[in-house]
Amino acid sequence: MAAVTDAFYAAAPVARRPIQPLPDELISQIAAGEVVERPASVVRELVDNALDAGARSITVRLVAGGIRAIVVEDDGCGIPRAELPLALQRHATSKIRDLQELEAVTTMGFRGEALAAIASVADVTLTSRSADDAQGCAWTLHARSGELQPAARPVGTTVEVRELFFATPARRKFLKSPATELAHCIEAVRRHALARPDVGFAIWHEGRLVQQWRAVAALTPQLAWQQRVASAIGDDFLAEALPVQAQAGPLRLHGWVVRPDAARARSDRQFAYVNGRYVRDKVLTHAVRSAYDDVLHGQRQPAWILWLDIDPRAVDVNVHPTKIEVRFRDSGAVHQAVQRAVEAALATPRAAGPAEVAPSPPDSAAAAPAAPPASPNDAPRPDWDTTRYRSAPALALGAREPAPRWAGWPNAPAPSPDTDTATQAPVAHADEPHEVVWPLGRALAQLHGVYILAENAHGLVLVDMHAAHERIVYERLKAQLTGPQAQLPSQPLLVPVTFQATPLDMAAADDHASTLQQLGLDVAPLSAQTLAVRSVPALLAQADPVALARAVLAELQQHGGAHVLQRAQHELLATMACHGAVRANRRLTLEEMNALLRQMEATARSDQCNHGRPTWRQLTLRELDALFLRGR
């Protein structure tokens, strides 16, 4: 085999070829290879142009999934007759004039190469009528012949693209089946539709309407977005979605993220928009994923749609020919703002405080002793507070607390005189004006020392007590370790470990020295190309020091010190919380169970444990009736 290979290379002469300019047609075909990957790429570029023209209605017609024909019609401002030939020239555009405008692009298109690139690999016909056309008719331009002919159509533009890649047959072989290409075209239009609820979109295939999103004329912008999301993604998305709304300086963010327990196996419901442009950006994706770090189980993918509005001068959209990638001037600030906004949305659990406060009938009102005023000396304990809670029906417990039954477990109060000790039911009082309905209800019993059974207004609540307590302990540990002076304990190495470092590693070790110290890592230069690890976090004393240092330095280079420090702290605290949480088969009293439910309602992210598993589930009365065939 070696002899054959040697003979092959020996037989290939190295002949010098002269340097010469490429033909214009080949230049356009090379550009087309960057801009046009498949029919969906053409659809995206043409819809971009239609939106820039001010269109309020866009129709896409396809044949064979766009392989045979793509026709995009709009009701925008149109193109004057004199400018039609220019529209098909390379790098001819109405969007920008100078470098200053390039650095602050506000339009969807701007590169001026899409139509020329498409025309080099397909048969293109452009028909347009300008609103101020003196002759009052449309004009058609055939890209191949350059011939202009009068035509009939209202104000707007129609672009016909036929036989995609007919001029480059080799590339046409890489296209998939018409059904697959159609699906990609629909997805391309869906992405535009999510960005513009004020515009109507229709997709026809082989003469049949396959998808339509009508323009939304809602009373408020928020309602318009909601209606468009419901039609483009689905009502099931909104049913599990949490609103995101934040502003940090010139950056404004809004959208929805789904609850962790509604995450999916695929990442097909992740939409990011920057100034109305759909993008695939690593900074935004990483920021959202980081917000889900300790609430998502396994490899599940969250669903989300976020619109980011930012100063156009703070983002570079001229990064990729397809304009689907961007670069932020201050990516760290964007990452932090998005992560914090999503974390805030996820922090509120479904069981957050009293669900409602409704007047009780005078003849069935129940009373409990008034809650004592909060004392400035009352500090949060590492377990939950059982001194005050009421459930539906109102359950009253006294404020007096005996010594804890065991370390690390709630301090259970003695039953008050207002409570029946046999049934734990409240004693009725005629002067009780309101009844507080707690979302997680009232504890009924414990199942196999693992689950708490509770009753609320909707039916039966099942709680995994270990997972729930783990989240409560974890959130309190995080709160205790929050602050600029927080530092993880470190373990010095008997013999420092050295490794060859890249220039980026050396720079990261120097720039983020304080962050490394907070993480319990002592990484210092030993020479121009060598780093020495002198200490590691005490809880990771058995880890490979070099692998740990390399991983942390890589994270610092990509995401900055604040995110790495936070994530490392959270991972270590999650381990500590898991060991500190109550174990299964621990028998609890009703007071302790109710105390746990109340703390769950007051704890951020309590719907999931630190590993992303759910902590509780609801079985509604309707679901329970269905199990027993009631009403059938």
Side-chain angles (χ1 to χ4, degrees), residues 44-45 47-55 76-77 91 93-114 191-199 220-222 224-225 228-229 243-257 270-291 304-345 511 557-563 566:
R44 182 188 65 243
E45 295 288 350
V47 174
D48 277 351
N49 288 339
L51 293 173
D52 286 340
C77 63
H91 304 302
T93 179
S94 62
K95 316 298 173 60
I96 59 173
R97 289 290 182 270
D98 51 35
L99 180 61
Q100 184 176 358
E101 291 186 351
L102 177 62
E103 292 177 346
V105 172
T106 57
T107 52
M108 300 296 292
F110 60 90
R111 299 174 65 95
E113 59 183 344
R191 292 168 179 172
H192 282 93
L194 286 169
R196 294 293 301 272
D198 59 320
V199 178
T220 64
Q222 182 70 9
W225 290 111
R228 177 52 60 88
V229 169
V244 176
Q245 197 87 14
Q247 183 154 1
L251 184 151
R252 190 172 71 88
L253 184 72
H254 67 102
W256 287 274
V257 294
Q270 297 178 354
F271 300 88
Y273 293 86
V274 176
N275 293 341
R277 183 192 307 277
Y278 172 82
V279 298
R280 286 197 297 260
D281 183 73
K282 294 180 179 178
V283 172
L284 296 179
T285 302
H286 190 274
V288 176
R289 183 71 195 198
S290 299
W304 46 271
I305 174 169
L306 295 172
W307 295 275
L308 176 67
D309 295 323
I310 190 173
D311 186 345
R313 294 168 296 182
V315 57
D316 183 6
V317 298
N318 191 25
V319 175
H320 193 275
T322 63
K323 309 185 296 293
I324 204 166
E325 297 179 10
V326 296
R327 182 185 297 117
F328 296 104
R329 179 175 298 175
D330 190 350
S331 59
V334 173
H335 186 286
Q336 186 178 50
V338 173
Q339 182 180 349
R340 286 182 175 179
V342 177
E343 283 178 342
D511 294 341
Q557 294 166 28
Q558 186 171 3
H559 304 298
H563 169 72
Q566 182 189 57

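Just so you know, these numbers come straight off a predicted model, no measurement behind them. Numbering of residues begins at 1 and proceeds along the displayed sequence. All values below come from the heavy atoms of this structure, side chains included, with hydrogens, waters and symmetry mates left out.
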Distance, nearest 0.5 Å, that separates CG of Asp316 from CZ of Arg329: 9.5 Å
Interatomic distance, His254 atom NE2 to Ile305 atom CD1 [nearest 0.5 angstrom]: 9.0 Å
Non-hydrogen side-chain atoms of Val229 and Phe271 separated by less than 4.5 Å: no
Partners passing side chain to side chain contact (heavy atoms under 4.5 Å, CB included) against Ala55 (at least two apart in sequence or in another chain): Ala50, Ile58, Asp74, Asp75
Contact summary for Arg228 and Ala193, nearest pair of heavy atoms: NH1-O, 2.7 Å
Exceeds 12 heavy-atom contacts within 6.0 angstrom, atom CZ of Arg340: no
Within-4.5 Å side-chain heavy-atom neighbours: Arg44 and His192: yes
Main-chain N/O of Arg289 paired with Trp304 side-chain donor or acceptor, under 3.5 Å: no
Minimum heavy-atom distance between Ala291 and Val342, given as atom pair plus value: CB-CG1, 3.5 Å
Point-to-point distance, once rounded to the nearest 0.5 Å, from OG1 of Thr220 to CD of Gln222: 6.5 Å
Return a table of donor-acceptor pairs under 3.5 angstrom between the side chains of residues 273-280 and protein atoms on other chains or two or more places apart.
residue : atom : partner : partner atom : Å
Tyr273  : OH   : Arg191  : O            : 2.5
Asn275  : OD1  : Ile310  : N            : 2.8
Asn275  : ND2  : Ile310  : O            : 3.0
Arg277  : NH1  : Met108  : O            : 2.6
Arg277  : NH2  : Thr107  : O            : 2.6

Results of side chain to side chain contact (heavy atoms under 4.5 Å, CB included) for Ala337 - residues two or more places apart only: Ala248, Leu251
Partner of Ser331 by side chain to side chain contact (heavy atoms under 4.5 Å, CB included), out of Leu284, Val283, Asp281: Val283
Flag side-chain contact, heavy atom, 4.5 Å: Val334 against Asp330: no
Nearest non-hydrogen partners of Leu194 and Trp225, listed with the distance: O-CZ3, 3.1 Å
Over all atoms of both residues, closest heavy-atom pair of Glu45 and Ala114: OE1-CB, 3.5 Å
